[in-house]
Amino acid sequence: MSAKSDQYARQAEEWTEKAYADATAYLAHRADLVASLGPLLVPGDELLDLACGDGGLGELLLSRGFRYRGVDATPEMVTQAQRRLGDRAPIEIGDLNDYAPPAPVAATSVFRAIYYARDRQAFFEHVATYTEKKLVFDLNPRQYRPDDVVADLRAAGLRHVQLRPFFVPQTVALPRIVSAGARALERSGPLARLALRLRFTYLVAASR
Ligand SMILES: C[S@@+](CC[C@H](N)C(=O)[O-])C[C@H]1O[C@@H](n2cnc3c(N)ncnc32)[C@H](O)[C@@H]1O
């Protein structure tokens, strides 16, 4: 077991509650954008969440009428996700680089885990073989150049790419009014790009 997977094994219990200062606000906004950015998801659509952790996002997607399937490489995370979601969603152990679902899914997501793709373009190509509507993931523009990632998506046949700033902070719980202001700032163009130089991430939706 690598040091990193050992770390996830130790953090699996209450991952969502500990990783996010306001887990409900953060994951609700993520779930809303998963559904609305790029091609729309409709109730009944199935989403495959690669590197799902303890399945915290699953709660929010199931409550919006979507079907949810989770996959994670850490057995302890899989156990926690199964405990959280019970028989409402299948959760399996797997590596995002080679996992394929039993049948095509409407959407695939990868949150805070795109760096586990061994070869990013090959990973996008693999996901495109079983994903009907879109791939959604988060992207830290200070870690990866968005232009490079967009080029890999297009080379994998995912030619329509939308980037949306995501301004709900992970480690700070904002009062509701401030949080609404931050979400409004996501659409502010140059101001949003300035904020992204310092912190926050993009949400990316890529489709054929
Ligand atoms: C930072 S956590 C993110 C969890 C969740 N997606 C979230 O946003 O809260 C990264 C997750 O990736 C999982 N992971 C790491 N390498 C992986 C791989 N090759 N395939 C699938 N999951 C992996 C870890 O076990 C861990 O649950």
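Both counts, for ligands and for their atoms, begin at 1 and track the order of listing. In this chain, residues are counted from 1 in sequence order.
Ion pairing between a basic and an acidic side chain is recognised when a charged N comes within 4.0 Å of a carboxylate O; D95 and R118 show such pairing. With respect to K18 and E13, no salt bridge is recorded, no charged nitrogen being found less than 4.0 Å from a carboxylate O. Electrostatic pairing of E76 and R10 does not count as a salt bridge here, judged by no charged N lying under 4.0 Å from a carboxylate O.
Here the protein heavy atom with the shortest distance to atom 18 (C) of ligand 1 is A73 CB, 3.7 Å. In this structure, atom 26 (C) of ligand 1 lies nearest to the protein heavy atom D72 OD2, 3.6 Å. In terms of protein heavy-atom proximity, atom 19 (N) of ligand 1 is closest to D95 OD1, 3.2 Å. Distance from atom 9 (O) of ligand 1 to its nearest protein heavy atom, with residue and atom name: Y20 OH, 2.7 Å. When hydrogens are left out, the protein atom nearest atom 5 (C) of ligand 1 is A51 O, 3.5 Å; that is the closest non-hydrogen contact. Distance from atom 20 (N) of ligand 1 to its nearest protein heavy atom, with residue and atom name: L96 N, 2.9 Å.
Aromatic pair Y99/Y130: centroids not less than 6.0 angstrom apart.
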### Worked check of salt bridge (Lys or Arg N to Asp or Glu O under 4.0 Å) between R83 and D54
CA-CA 9 Å; R83 197 166 287 169; D54 68 348; over 6 Å; no
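The atoms of ligand 1 that sit less than 4.0 Å from any heavy atom of G94 are 20 (N), 21 (C). Near T74, meaning under 4.0 Å from any of its heavy atoms, are these atoms of ligand 1: 24 (C), 25 (O).
Counting heavy atoms under 4.0 Å from ligand 1, residue F111 touches it through both backbone and side chain. Here W15 has side-chain heavy atoms under 4.0 Å from ligand 1, and that is the only part of it that gets that close. Here R30 has side-chain heavy atoms under 4.0 Å from ligand 1, and that is the only part of it that gets that close.
With D45 as reference, K133 is the one residue of K133, R67, R69 to meet the salt bridge (charged side-chain N to carboxylate O under 4.0 Å, His left out) rule.
For atom 1 (C) of ligand 1, the choice among F137, Y26, Y99, Y8 with the nearest heavy atom turns out to be Y8.
Dense packing is recorded around CZ of R112, with more than 12 heavy atoms of other residues, nucleotides or ligands lying under 6.0 Å away. Other residues, nucleotides and ligands place no more than 12 heavy atoms under 6.0 Å from the CZ atom of R187.
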